[in-house]
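Take a look at the structure below.
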Amino acid sequence: MSSWAPTKYKTTNWPSYNTALKQRGSLSIWFDPGLNWAVPDFSTLCRRQRTLDVRLPYSGGTGPLNLLIDSTGMKAEGEGEWNARKHGGSKRRIWRKIHIGIDEETLEVRAVEVTSSNIGDAPMLPELLNQIPPDQDIEMVTADGAYNTRKCHDAIAARNAHAVIPPRKNAKPCKPTSAGAIARNEAVNASRYLGRALWRRWSGYHRRSRVESKMNCIKLLGQSLMVRDFDRQAAEIQIRIAVLNRYTALGIPITKPAG
DNA sequence: ACTTCCTCCGTTTTGCGACA
DNA sequence: TGTCGCAAAACGGAGGAAGT
């Protein structure tokens with residue numbers, strides 16, 4: 001007979017969040033913000049999360065949007081190989097892919113998509129652009145070489161935006177049958193003429209590093225996802241990003257060289 | 001030293017009855 | 001019918017015991 005007993009939660013008539021934390025018993029510290037909030041049961045929260053519609057808060061920039069796009073993987077469940085063997089090798093490490101587009105001016109996330117890990121980056125770019133309201137002007141879309149496809153260029157051209165996507169090393173101009181193809185050819189020619197390194201400086205491609213630091217911020221809120229089902233995982237990521245946008249809207253640091 | 005297995009326990013998900 | 005709260009099940013990570 002073990003000494004283990006399931007944690008008892010007394011959830012009826014929680015008068016406040018404080019009491020909720022106290023009654024869980026496992027927390028040695030608790031907070032007293034002087035609030036008297038009723039707290040839904042955790043089973044209710046869990047159920048609601050599956051169909052939660054998260055809207056990203058956005059404080060708004062001043063001019064046309066400069067969108068920076070990138071993606072990253074996030075661990076979802078079942079980390080160890082140990083578990084894989086325990087459950088007969090069927091359970092592998094599961095990853096989710098987060099695709100985001102941020103506003104270069106305000107550094108707020110404007111578009112987010114969550115996919116399984118086997119989905120490529122390029123197909124998601126049009127989806128991200130769709131999340132930007134049609135009446136908002138987009139001036140520029142900056143993304144890495146993985147997005148260098150015809151469909152991406154077409155989607156960007158359809159929004160009358162300028163694409164900053166590095167061409168491949170031996171990229172050749174293709175038939176200029178669409179606005180996207182023409183834009184791609186311009187980048188190929190410019191890159192040939194200037195050289196790839198100079199093209200990066202000339203095109204301002206370096207600004208893309210900002211979206212990478214935003215990805216880092218998302219991971220600072222936790223390296224892996226807590227919930228287990230895909231819909232809830234998407235909601236969890238969207239909630240994180242909504243929280244980050246609130247932080248970002250409070251103010252961003254301005255870094256200057258010393259002296 | 002290393003791997004494998006097991007226990008503990010916090011966290012998430014589901015079953016089910018109550019209630020509007 | 002849909003949602004809620006409670007109880008129980010399921011999941012997964014930490015870490016230690018046992019085996020090699």
Side-chain angles (χ1 to χ4, degrees), chain A residues 1-57 70-100 109 111-121 124 127 131 212-248:
Chain A
M1 187 64 191
S2 73
S3 61
W4 176 80
T7 317
K8 292 290 180 193
Y9 301 96
K10 187 80 191 94
T11 49
T12 38
N13 300 325
W14 277 356
S16 71
Y17 190 59
N18 285 343
T19 319
L21 289 177
K22 260 169 96 176
Q23 287 175 335
R24 289 169 85 108
S26 59
L27 289 158
S28 55
I29 55 166
W30 47 292
F31 309 98
D32 185 12
L35 300 173
N36 191 28
W37 290 346
V39 182
D41 189 79
F42 48 77
S43 59
T44 300
L45 292 176
C46 180
R47 272 189 275 253
R48 281 185 189 171
Q49 187 171 353
R50 194 151 46 94
T51 53
L52 194 65
D53 179 25
V54 183
R55 309 246 168 93
L56 298 183
D70 199 14
S71 82
T72 189
M74 184 164 266
K75 189 170 61 178
E77 62 186 56
E79 187 194 3
E81 319 250 326
W82 173 90
N83 248 333
R85 259 173 274 133
K86 187 183 172 191
H87 296 294
S90 61
K91 256 199 160 174
R92 268 169 290 140
R93 216 177 262 216
I94 293 176
W95 295 80
R96 297 293 176 220
K97 222 169 184 180
I98 309 174
H99 313 256
I100 62 169
V109 179
V112 54
E113 283 283 340
V114 181
T115 66
S116 57
S117 55
N118 58 345
I119 303 290
D121 293 351
M124 299 317 293
E127 308 286 332
Q131 291 184 24
E212 287 179 7
S213 46
K214 182 61 70 178
M215 285 298 192
N216 187 44
C217 292
I218 293 170
K219 293 195 172 179
L220 287 177
L221 293 178
Q223 293 288 316
S224 63
L225 300 168
M226 303 298 284
V227 292
R228 290 154 197 177
D229 128 278
F230 183 84
D231 292 338
R232 292 181 174 111
Q233 285 166 353
E236 185 177 337
I237 290 168
Q238 287 165 349
I239 291 167
R240 277 186 191 211
I241 290 172
V243 168
L244 270 183
N245 268 10
R246 291 257 188 242
Y247 284 152
T248 309

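Every chain is numbered from 1, with letters handed out A, B, ... down the list of sequences.
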Worksheet item: Out of curiosity, E127(A) CD to E113(A) CD, how far, rounded to the nearest 0.5 Å?
Response: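 Going from the CD atom of E127(A) to the CD atom of E113(A) covers 5.5 Å.
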
Worksheet, complete the sentence: Once base and sugar-phosphate atoms are separated, protein heavy atoms under 4.0 Å mark nucleotides 13-20 of chain B, 5' to 3', with B, S and - as BBBB----

Discussion item. Against Q233(A), only a single residue in Q49(A), Q238(A), R96(A) fulfils side chain to side chain contact (heavy atoms under 4.5 Å, CB included); can you say which?
Written reply: R96(A)

Discussion item. Which residue is it: K219(A), M215(A), Q223(A)? I am looking for the one with a side chain to side chain contact (heavy atoms under 4.5 Å, CB included) to M74(A).
Written reply: K219(A)

Worksheet item: Who are the side-chain hydrogen bond (donor to acceptor under 3.5 Å, both in side chains) partners of E236(A), not counting sequence neighbours?
Response: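 Partners of E236(A) under the side-chain hydrogen bond (donor to acceptor under 3.5 Å, both in side chains) test: none.
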
Worksheet item: Rounded to whole angstroms, how far apart are CD on Q223(A) and P on dG12(C)?
Response: 18 Å

Fill in: Gap between atoms CZ and C1', on R48(A) and dG2(C) respectively (whole Å)
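The distance from CZ of R48(A) to C1' of dG2(C) comes to 12 Å, rounded to the nearest Å.
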
Discussion item. My understanding is that only one of T115(A), N118(A), D121(A), T72(A) makes a side chain to side chain donor-acceptor pair (under 3.5 Å) with K97(A); could you say which?
Written reply: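 Option passing the side chain to side chain donor-acceptor pair (under 3.5 Å) with K97(A): D121(A).
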
